[in-house]
Q: 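Quick one: structure below, then a few questions.
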Amino acid sequence: PQEDGSHFRVVKREVSTTFKNDPYVFTYRVQGEPQHIRFRATEKGAMLARAFKNLAYEPMPNILNWFNKATRFQASMFTAKNLAFVLPNFFKDLGTAAIHLSEDDKKSLVKNTFGVRRLGRIMKGIGRAELNLSKNKPAYKGTGYTRANANEQTALAILKGNDPDKYVKMYEFFKAAGGKVGYFRHDTLSQQVDRLHKDIGKSPGAIKRRAKRLLDWIDTANTSIENAIRVSSFWAAIEDGRSVQEAAKISRNVTVDFNQKGNRTQAFGSLYVFFGASVNSIHRMAKSLAKHHKNGTLPHVAAGLVTSSLVLSLFNRLLDDDEDEEVPDYDTISPYKRDTHAILPMPGGGKDGFWNDARGTGFFSLPIPLGYNAFWAVGQAMGDILWQQMGGRGGAGPIEGAARMAESLINAANPMGSGSLMTMMMPTPIKPLVELWANKNFMGRPIRKEDRPYEVPKPGHKMDPR
């Protein structure tokens, strides 16, 4: 009881709200309790706080919204909904991860990350989890993982376990720890809400359901490939004694973290389909090369790519011994393709040997990691120059080779894509129309074959495909 005989008293407390106007403070809540992060009182600190507060977000104008829908559709057709994207994307990630994990502080993770058996089991686990989630089922039977229980003790318990859902659990734990990275493009929260409103009440027919199941399966395959190396590197870091937070950071940056965005990425990304992915790739490559330079290993990385490209260029021409042809079959492949892919001839069998198909250009190719293809292109141009100087058929002169090197370096660092200046500047949704008008694709090759002078015009299907 109080002195006046009452049993209650009123206590008035005022909560300071000055932090709301502090440009260096970001506030968030954990179970309802406000938590504060104060950044350094510098220009960079203010930029980080502003980005966390999302103060730089501005709704896009209607015309950019229209472009954004078109580029999102094209991006999904190129990646998540494209079955032909699965294997090339996997090999590209393998090459990128091999370079990034060769940095000094991560070399101990290489062996466990690239274990063939582990990668296969992880892909299978991711596939099971994603297919169940696409059917609105839990990834596995049991208690899931959250950021609260994603700790080192739980991680080690999963590694020691031998239950059938082990690799599904490894994937779910990896997601809870913040290691998962999405595709090249993501819907904003408002776009996801709009799509949800459109889907409510819809009852798709049998054809739409089958089409959706097919697209879900392709999306699952791409998700398995996209995250397999990340998951493997995450658990390799855990086995190496790293913390969960450090393992998540390593896994997100083992290739390219597509979730990172700048203040203008949304606007430019609505016009150019892979703008954000290209900028992130260039940034990640620059950081990796800086680390290699600091460690003294940059010459080994650059020389390895250039030398491998040069040797492969000469090797492919030496295999083609048909001297009746004007140039080797390798020279009939576009320079853009050779500068961005490692190309190997397919053995045709019999007396004809390699490069044996209807067009004499049978080959398979593996994509070079984004950004690092600049080094590969230098080796290809050197191979072309050297081959011509050796007196062989085909190849290129020094001036043409130097021009190709310069063009490849520009394309590797250009987030708006390759092609002529006119097509490069065009937004992605209307770029195909401009290319048709100019009759030249992004590789510099004609799209439709033109009639030769002084000959009777021919229909397109009778044109020489080469």
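We're numbering straight along the sequence, starting at 1.
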Q: Taking atom types as modelled, is there a side-chain donor on R230 or T255 under 3.5 Å from an acceptor on the other?
A: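 There is such a pair (donor and acceptor under 3.5 Å, judged by atom type) between the side chains of R230 and T255.
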Q: When you measure from the side chain of T307 to the backbone N and O of A303, does any donor-acceptor pair fall under 3.5 Å?
A: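 The answer is yes, because a donor-acceptor pair under 3.5 Å joins these two groups.
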Q: For a salt bridge (charged side-chain N to carboxylate O under 4.0 Å, His left out) check, start with the C-alpha distance between R317 and D329, then their side-chain angles and the critical distance, and finish with the verdict.
A: CA-CA 8 Å; R317 291 183 171 98; D329 290 317; over 6 Å; no
Q: So, the side chain of N295 versus the backbone of K291: is there a donor-acceptor pair under 3.5 Å, distance only?
A: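 Looks like yes, one N/O pair under 3.5 Å.
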Q: Will you find, in the side chains of R404 and S408, an N or O donor that is under 3.5 Å from an N or O acceptor?
A: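 Note: R404 and S408 side chains miss the donor-acceptor criterion.
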Q: For the residue pair K92 and P367, what are the closest heavy atoms and their distance?
A: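 In this case the closest contact between K92 and P367 is CE-CB, 3.7 Å.
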Q: Other residues, nucleotides and ligands only: do more than 12 of their heavy atoms fall within 6.0 Å of CZ on F268?
A: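 Count not over threshold, so no.
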Q: State whether a side-chain donor-acceptor pair under 3.5 Å links T223 with E130.
A: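 No, because no side-chain N or O of T223 sits under 3.5 Å from a partner of the opposite role on E130.
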Q: Indicate whether the side chain of Y145 and that of K175 have a donor and an acceptor atom separated by less than 3.5 Å.
A: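 On atom types as modelled, these side chains do not qualify, holding no pair under 3.5 Å.
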Q: Answer yes or no: are there more than 12 heavy-atom neighbours, outside M382 itself, under 6.0 Å from its atom CE?
A: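 Not buried by this count: 12 neighbours or fewer within 6.0 Å.
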Q: Return the minimal non-hydrogen interatomic distance between A97 and I229, and the atom names on each side.
A: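 Smallest interatomic distance, heavy atoms only, reads CB-CG2, 3.7 Å.
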Q: To the nearest 0.5 Å, tell me how far L366 CG sits from L87 CG.
A: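 That separation rounds to 9.5 Å.
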Q: Go through the steps to decide whether F174 and W235 satisfy the test ring pair (Phe, Tyr, Trp, His ring centres under 6.0 Å), and finish with yes or no.
A: CA-CA 8 Å; F174 159 81; W235 288 102; 8.6 Å; no
Q: Are S288 and R284 close enough that some pair of their side-chain heavy atoms sits under 4.5 Å apart?
A: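 Contact flag for S288/R284 side chains = yes.
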Q: Roughly how far, to the nearest 0.5 Å, is the CD atom of Q74 from the NZ atom of K69?
A: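 CD of Q74 is found 15.0 Å from NZ of K69.
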Q: Could you grab the distance from atom NZ of K124 to atom CG of L119, nearest 0.5 Å is fine?
A: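 Taking NZ in K124 and CG in L119, the distance rounds to 15.0 Å.
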Q: Is the backbone N or O of Y336 less than 3.5 Å from a side-chain atom of T340, with the two atoms forming a donor-acceptor pair by type?
A: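 Present.
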Q: Measuring from atom CG of N280 to atom NE2 of H283, what distance do you get when rounded to the nearest 0.5 angstrom?
A: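 Between atom CG of N280 and atom NE2 of H283 there are 8.5 Å.
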Q: If only atom types and distance count, is the side chain of S309 paired as donor or acceptor with the main-chain N or O of W376 below 3.5 Å?
A: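 Flag set: sc S309 to bb W376 pair under 3.5 Å.
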Q: Who are the side chain to side chain donor-acceptor pair (under 3.5 Å) partners of S365, not counting sequence neighbours?
A: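 For S365, the residues satisfying side chain to side chain donor-acceptor pair (under 3.5 Å) (neighbours in sequence not counted) are K337.
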Q: What residues form a side chain to side chain donor-acceptor pair (under 3.5 Å) with S232, not counting sequence neighbours?
A: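 None.
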Q: Would you compute the distance between atom CG of N89 and atom CG of D93 and round it to the nearest 0.5 angstrom?
A: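 The distance works out to 4.5 Å.
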Q: Decide yes or no on side chain to side chain contact (heavy atoms under 4.5 Å, CB included) for Y171 and K180, but give the supporting numbers first.
A: CA-CA 9 Å; Y171 175 59; K180 185 180 179 183; 3.3 Å; yes
Q: Using a 6.0 Å cut-off, check whether atom CE of M47 has over 12 heavy atoms from anything other than its own residue.
A: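 No.
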Q: For H292 and S102, work out which heavy atoms get closest and say how close.
A: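 Closest approach of H292 to S102: CE1-OG, 3.0 Å.
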Q: Which heavy-atom pair separates G45 from Y24 by the least distance, and what is that distance?
A: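 Closest heavy-atom pair between G45 and Y24: C-CD2, 4.2 Å.
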Q: Ignoring hydrogens, what is the shortest heavy-atom contact between Y330 and N316? Give both atom names and the distance.
A: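 Nearest heavy atoms, Y330 then N316: CE1-ND2, 3.2 Å.
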Q: Taking the side chain as C-beta and beyond, is there a heavy-atom pair between Y167 and R128 under 4.5 Å?
A: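 No, side chains not in contact.
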Q: So S334 and R338, side chain to side chain donor-acceptor pair (under 3.5 Å) or not? Walk me through it.
A: CA-CA 6 Å; S334 72; R338 287 184 276 144; over 6 Å; no
Q: Just to verify, what does H100 make a side chain to side chain donor-acceptor pair (under 3.5 Å) with, not counting sequence neighbours?
A: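 With neighbours one apart ignored, the set is Y372.
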Q: Please determine whether the number of non-hydrogen atoms from other residues, nucleotides or ligands lying under 6.0 Å from atom CG of L433 exceeds 12.
A: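 Yes - once you tally the heavy atoms of other residues, nucleotides and ligands closer than 6.0 Å, there are more than 12.
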Q: Taking C-beta and beyond as the side chain, do D331 and P328 meet within less than 4.5 Å on heavy atoms?
A: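 Yes; the side chains approach each other to less than 4.5 Å.
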Q: Might you work through the side chain to side chain contact (heavy atoms under 4.5 Å, CB included) test for F114 and L101, ending with a clear yes or no?
A: CA-CA 11 Å; F114 295 110; L101 287 179; 4.0 Å; yes
Q: Between L289 and L298, what is the shortest heavy-atom contact and its length?
A: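 Nearest pair, atom of L289 first, then L298: CD2-CD1, 3.5 Å.
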Q: For the side chain of T71 and the backbone of N68, is there at least one donor-acceptor N/O pair under 3.5 Å apart?
A: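 Side chain of T71 to backbone of N68, a donor-acceptor pair under 3.5 Å: yes, one is there.
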Q: With side chain to side chain contact (heavy atoms under 4.5 Å, CB included) as the test, would you mind laying out the steps for N373 and D339 before giving the verdict?
A: CA-CA 7 Å; N373 54 4; D339 291 347; over 6 Å; no
Q: Hey, does the side chain of N112 reach the backbone of A236 with a donor-acceptor pair shorter than 3.5 angstrom?
A: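 No; judged by distance alone, with no hydrogens or angles, the pair does not exist.
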